[in-house]
Amino acid sequence: MRQVAIVGVGMTKIGKSDKNVVELLAEAALKAMDDAGVGEGFDEVFVGNMAAGEFEGMSGLGDALVSMLSLEPTPAIRIENMTASGASAIHAGWLSIASGKSSLVLVAGGEKMTSATTEKTADIVASFTHPVERDQGVTLPALVAMAARTYLERYNASRESLAYVAVKNHHNGSLNPLAQFQRRITVEEVLSSPVICDPLRLYDFCPISDGAAALVLAPLEDAGRYTDKPVKITGIGAATDTHAIQERDDITRMDAVRIAGEKAYRMSGRKPSDVHVAELHDMATVLEIMIAEELGFFKRGSGWREIERGAADLGGELPINTSGGLKARGHPLGGTGVAQVVELVMQLQGRCGERQAGEPRIGLACNLAGFANAAAVTIVERGW
Amino acid sequence: MTSIVAYRCQGCGHTSTIKRLRCSKCRGRDFAEVKLEKGVLITYTVMNVVRPGYAKPLTIGLADFGEGVKALAQLAINNPRVGMKVKPAQAVLRKIENRALLGTIFEEA
């Protein structure tokens with residue numbers, strides 16, 4: 001297997017857009033191509049997207065993207081793995097280069113969501129659930145809220161600690177020009193926002209977003225053609241868990257995250273304490289804490305306390321979600337996994353301006369699919 | 001008495017409310033239906049944002065029926081408490097344009 005490098009990154013502004021998903025993907029892709037200084041020669045294109053059919057009645061995103069960028073006849077396919085479609089597209093792109101099949105790959109992930117109502121969006125997102133549970137009316141926020149209730153009770157965690165995740169990530173988002181939310185918030189604002197699924201409130205959850213992000217991948221040995229600061233993909237890991245939540249032993253545990261993390265650590269030869277910066281799938285505040293524990297960053301049941309005392313702040317021991325995370329950067333479903341890695345690459349390259357978290361050399365991204373129905377972890381490191 | 005149907009593996013006895021072609025523990029393929037009638041509420045949420053066709057607010061919960069068998073359902077309970085006893089009951093789960101989806105929910109036992 002060849003070593004794989006990220007040699008270009010690009011991302012749209014995340015938020016509410018007039019563009020359709022293909023236009024968003026193309027905007028991000030062109031930025032990534034310009035970042036790498038390459039306009040031709042792609043061997044494959046991978047598009048991460050969860051639900052363009054449901055949101056916009058569109059299929060064939062690969063061909064549509066290639067055509068908008070005039071990259072025909074490059075083969076292009078869409079990768080769908082629920083809300084982890086973005087990370088899965090990166091993993092497909094990694095395999096294409098690592099195996100020797102391709103020498104230049106474009107990975108783009110994106111979603112256009114704001115054309116649907118909140119209720120319709122909840123319905124589309126809930127399409128990943130098992131029919132037995134879907135019939136009962138479950139939504140992803142409801143599953144997370146039930147897990148939050150158990151987590152808070154079992155570990156005697158403070159409700160304020162969950163709110164602090166939102167406060168921290170909004171602070172980081174306010175320093176990210178491409179983030180959906182630029183406004184800082186307080187713990188009091190989170191705790192007085194409307195209840196969505198108790199005990200979780202509006203500001204515990206990520207927004208509904210339009211947006212896209214993209215990467216250009218090449219073999220590390222060729223990376224010098226495109227950039228002085230290639231970022232190596234040193235670890236990838238993915239896993240699945242039960243389709244129905246009621247089959248899990250413990251609603252607060254996310255085995256898919258733990259196993260995906262273990263695989264990525266093993267492949268990279270790294271351990272949790274080696275990671276300098278992380279982007280974790282904070283679709284709701286409590287998930288940042290639960291994921292951080294599953295990945296070994298904090299002891300089980302202590303993540304809430306560690307994050308509340310500032311361990312994951314920009315100046316903390318392990319800055320988490322420097323981009324603002326799903327909470328403040330925004331969560332265009334299939335775009336999120338790619339946007340997470342875009343942020344890590346920019347952190348490693350020292351391009352994050354006011355939100356730059358020191359001089360990190362190793363970053364980790366965890367992209368969650370559904371309610372940890374699957375997870376994909378990616379570890380990246382400086383390649384220069 | 002309304003009950004929830006679960007599937008007990010004839011090879012190892014592992015039981016789940018979810019129908020699989022192969023047992024998640026022993027890969028056996030033969031299952032017998034068993035009835036679940038009494039559970040204990042593990043967790044719940046009251047939803048103020050619901051999908052089209054569902055009542056708002058909608059309360060759903062997860063209950064333990066023993067032997068590690070759990071089931072998730074709507075709760076027809078005004079003030080749910082973790083640890084309370086629940087039992088299955090028939091009700092309308094969802095209604096779209098006068099078409100009702102019937103199913104099993106939980107009420108206080």
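What you see below is based on every heavy atom in this structure, not just the backbone, and it leaves out hydrogens, waters and symmetry mates. Residue numbers start from 1 in every chain, and the chains themselves are labelled A, B, ... in the order their sequence lines are given, proteins ahead of strands. Just so it is clear, the structure is predicted and the values come from calculations on it, not from any experiment.
- The contact list for residues 129-136 of chain A toward chain B, using heavy atoms and a distance under 4.5 Å, reads A/His130, A/Val132, A/Glu133, A/Arg134, A/Asp135, A/Gln136 by residue number.
- Proximity to chain B is absent for every atom of A/Leu200, based on heavy atoms less than 4.5 angstrom apart.
- Contact check for B/Val82 versus A/Thr150: no side-chain heavy atoms found under the 4.5 Å cut-off.
- Side chains of B/Val49 and A/Thr118 form a contact here, defined as non-hydrogen atoms less than 4.5 Å apart.
- Nearest heavy atoms, B/Thr45 versus A/Ala145: OG1-CB, 3.5 Å.
- Within 6.0 Å of CZ in B/Arg27 there are more than 12 heavy atoms belonging to other residues, nucleotides or ligands.
- Open room surrounds CG on B/Leu21; 12 or fewer heavy atoms of other groups in view lie less than 6.0 Å from it.
- Residue with the most contacts toward chain A among B/Asn48, B/Leu93, B/Ile60, B/Ile18: B/Ile18 (heavy-atom pairs, distance under 4.5 Å).
- In this structure, chain A has no heavy atom under 4.5 Å from any part of B/Thr59.
- Both the backbone and the side chain of B/Leu72 come within contact range of chain A, with heavy atoms under 4.5 Å apart.
- Considering only heavy-atom pairs separated by less than 4.5 Å from chain B, the leading option among A/Ile245, A/Val138, A/Thr117, A/Thr242 is A/Val138.
- Of all heavy-atom pairs spanning A/Cys197 and B/Met47, the tightest one is SG-CG, 3.8 Å.
- Residue contact with chain A, scored on non-hydrogen atoms closer than 4.5 Å, involves the backbone and the side chain of B/Tyr44 alike.
- For chain B, the option among A/Thr121, A/Ile124, A/Asp249 with the highest count of heavy-atom pairs below 4.5 Å is A/Asp249.
- Between the side chain of A/Asp123 and the backbone N or O of B/Arg51, no donor-acceptor pair lies under 3.5 Å.
- A salt bridge (Lys or Arg N to Asp or Glu O under 4.0 Å) with A/Glu247 is found for exactly one of B/Lys25, B/Lys19, B/Lys70, B/Arg20, namely B/Arg20.
- Only the side chain of A/Leu143 has a heavy atom closer than 4.5 Å to any heavy atom of chain B.
- Residue contact with chain B, scored on non-hydrogen atoms closer than 4.5 Å, involves the backbone and the side chain of A/Ala122 alike.
- Counting only distance, with no hydrogens or angles, the side chain of B/Thr43 and the backbone of A/Arg149 share no donor-acceptor pair below 3.5 Å.
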